[in-house]
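First comes the structure, then the notes that go with it.
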Amino acid sequence: MKRVQFSSPYLPYLFLLPQMTVVFIFFYWPSAQAIQSSFYLEDPFGFGATFVGFDNYLEAFKSSHYQQIARFTVVFTILVTVFSLSIGLLLATTADTVIRGSGPYKTLLICVYAIAPPVAGLIGMMFFDQHIGPFVTMAAWFGWDMKVGIDYVDTAFAMIVVAVWKQIPYNFIFFLSGLQGIPVSVREAAAIDNRSRLGRFRTVTLPLLAPTAFFLLIINMTYSLFDTFGIIDVIVKDKAANNPITLVYKVYMDGFRGNDIGGSAAQSVILMLIVLLLTVFQFRFIERRVHYN
């Protein structure tokens, strides 16, 4: 293959300049500002700031409320990621074998992804509404008096269900593309060697989908940590004291509702470090089991 030749050695950097400018303005600069603010006790109206060192971090780590939110965030992230990936893969496998009605089937599954997270949260609240919610009615058949927005466990259940429902189409699209990219000759050879459909899926299909699954694992964990903010905001209705919330929503509540700029900045830095360590762990240990060829 021919290498691309530029007329000037500075031309490639010129092409990269717009993207790097966007990254610097919307990522590096705010990150640096957050790190700086985390060491100060700032006036919310900008009249002054007092250097407090690591007090904001120590206060966050010592807070039992913050620890409770961190534990719920871990559980929430794991459950949303596992169920979103599992159901998305199951539906993609089913769609890959559908002969009649495959078009409407795929369209009905994919169209959910076009819904914005706040709208998904609003639709979810309608499903879990105390008066008209069908899920509340079904739960009552089994003796479950579901009170979303009041009971901690019920609210957490609704948040997980809505978050999973919103993310399934995204996983479905990528898993279906990965399944359709498997050569027919490989499938036929696998069918000859192993008559069990589950065995063929475990030994042939799943390893070939490993690169797609690894990519979706990172995307889904990021979605669970950050992109579910709109869903949580609609479900808890600003009553976070009696409802489960995640770490990213805690940053919003302390910074924009409580006017604790330094404390929320410290929490955002902690969350950024957690995501960084999680990403390094995924690429160092999980990616080793992924084969791209």
Side-chain angles (χ1 to χ4, degrees), residues 63-92 94 105 108-172 216-217 219-254 256-258 267 271:
S63 173
S64 59
H65 182 55
Y66 185 81
Q67 295 174 7
Q68 179 186 9
I69 294 175
R71 288 192 294 268
F72 173 76
T73 303
V74 172
V75 175
F76 177 81
T77 302
I78 293 175
L79 291 179
V80 172
T81 301
V82 170
F83 282 109
S84 298
L85 289 174
S86 302
I87 299 176
L89 179 59
L90 176 63
L91 295 176
T94 306
Y105 175 81
L108 289 174
L109 290 176
I110 294 173
C111 66
V112 181
Y113 185 66
I115 302 176
V119 179
L122 181 61
I123 296 175
M125 284 303 299
M126 294 176 61
F127 282 114
F128 289 99
D129 186 82
Q130 294 292 319
H131 305 288
I132 62 173
F135 289 167
V136 176
T137 304
M138 291 190 300
W141 295 345
F142 301 95
W144 183 2
D145 186 17
M146 186 178 294
K147 297 179 179 179
V148 177
I150 300 176
D151 184 80
Y152 186 93
V153 177
D154 295 346
T155 306
F157 176 79
M159 288 167 50
I160 293 172
V161 170
V162 177
V164 170
W165 169 68
K166 175 67 177 66
Q167 187 65 6
I168 286 175
Y170 186 89
N171 299 330
F172 169 79
L216 289 177
L217 175 64
I219 294 298
N220 279 260
M221 296 190 72
T222 305
Y223 162 80
S224 303
L225 287 170
F226 297 100
D227 293 345
T228 53
F229 176 88
I231 296 174
I232 297 173
D233 186 49
V234 173
I235 292 180
V236 301
K237 297 178 180 178
D238 293 331
K239 299 180 178 65
N242 301 321
N243 291 307
I245 58 175
T246 58
L247 289 176
V248 67
Y249 198 79
K250 179 72 163 54
V251 173
Y252 163 75
M253 291 295 296
D254 289 353
F256 290 90
R257 298 289 181 178
Q267 294 174 28
L271 187 59

To the nearest 0.5 Å, what is the distance between [atom1] on [X] and [atom2] on [Y]?
| X | Y | atom1 | atom2 | answer |
| --- | --- | --- | --- | --- |
| Tyr223 | Thr81 | OH | OG1 | 9.5 Å |
| Tyr170 | Leu216 | OH | CG | 6.5 Å |
| Gln68 | Tyr152 | CD | OH | 4.5 Å |
| Thr73 | Leu225 | OG1 | CG | 7.5 Å |
| Tyr252 | Thr246 | OH | OG1 | 12.5 Å |
| Leu91 | Phe172 | CG | CZ | 6.5 Å |

Identify the heavy atoms of [X] and [Y] that sit nearest to each other, and give their distance.
| X | Y | value |
| --- | --- | --- |
| Ala163 | Thr228 | CB-CG2, 4.0 Å |
| Thr94 | Leu90 | OG1-O, 2.9 Å |
| Ser84 | Asn220 | CB-OD1, 3.5 Å |
| Val80 | Ser224 | CG1-OG, 3.3 Å |
| Ile219 | Gln167 | CG2-NE2, 4.2 Å |
| Met146 | Val136 | O-CG1, 4.1 Å |

Please list all pairs meeting salt bridge (charged side-chain N to carboxylate O under 4.0 Å, His left out) that have one or both residues in residues 67-91, counting only residues at least two apart or in different chains.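 Found none.
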Going by salt bridge (charged side-chain N to carboxylate O under 4.0 Å, His left out), name the pairs with one or both residues in residues 244-254, residues two or more places apart or in two chains.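 Those involving residues 244-254 are Lys250-Asp254.
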Using side-chain contact (heavy atoms from CB on, under 4.5 Å) as the criterion, list what pairs up with [X], not counting sequence neighbours.
| X | answer |
| --- | --- |
| Val251 | Ser264, Gln267, Ser268 |
| Leu271 | Phe226, Leu247, Val248 |
| Val74 | Ile78 |

For Phe72, ring pair (Phe, Tyr, Trp, His ring centres under 6.0 Å) partners two or more places apart: Phe76
Who are the ring pair (Phe, Tyr, Trp, His ring centres under 6.0 Å) partners of Phe83, not counting sequence neighbours?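 Scan of Phe83 (ring pair (Phe, Tyr, Trp, His ring centres under 6.0 Å), adjacent residues dropped) gives none.
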Got a sec, which residues hit side chain to side chain donor-acceptor pair (under 3.5 Å) with Thr155, two or more places apart in sequence or on another chain?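 Thr155 satisfies side chain to side chain donor-acceptor pair (under 3.5 Å) with Asn243 only.
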Show me the donor-acceptor pairs within less than 3.5 Å that the side chains of residues 117-129 make with the rest of the protein, sequence neighbours left out.
residue : atom : partner : partner atom : Å
Asp129  : OD2  : His131  : N            : 2.8
Asp129  : OD2  : Ile132  : N            : 3.1

Does any pair with a residue in residues 140-150 pass side-chain hydrogen bond (donor to acceptor under 3.5 Å, both in side chains), and if so which ones, sequence neighbours excluded? Trp144-Asp154
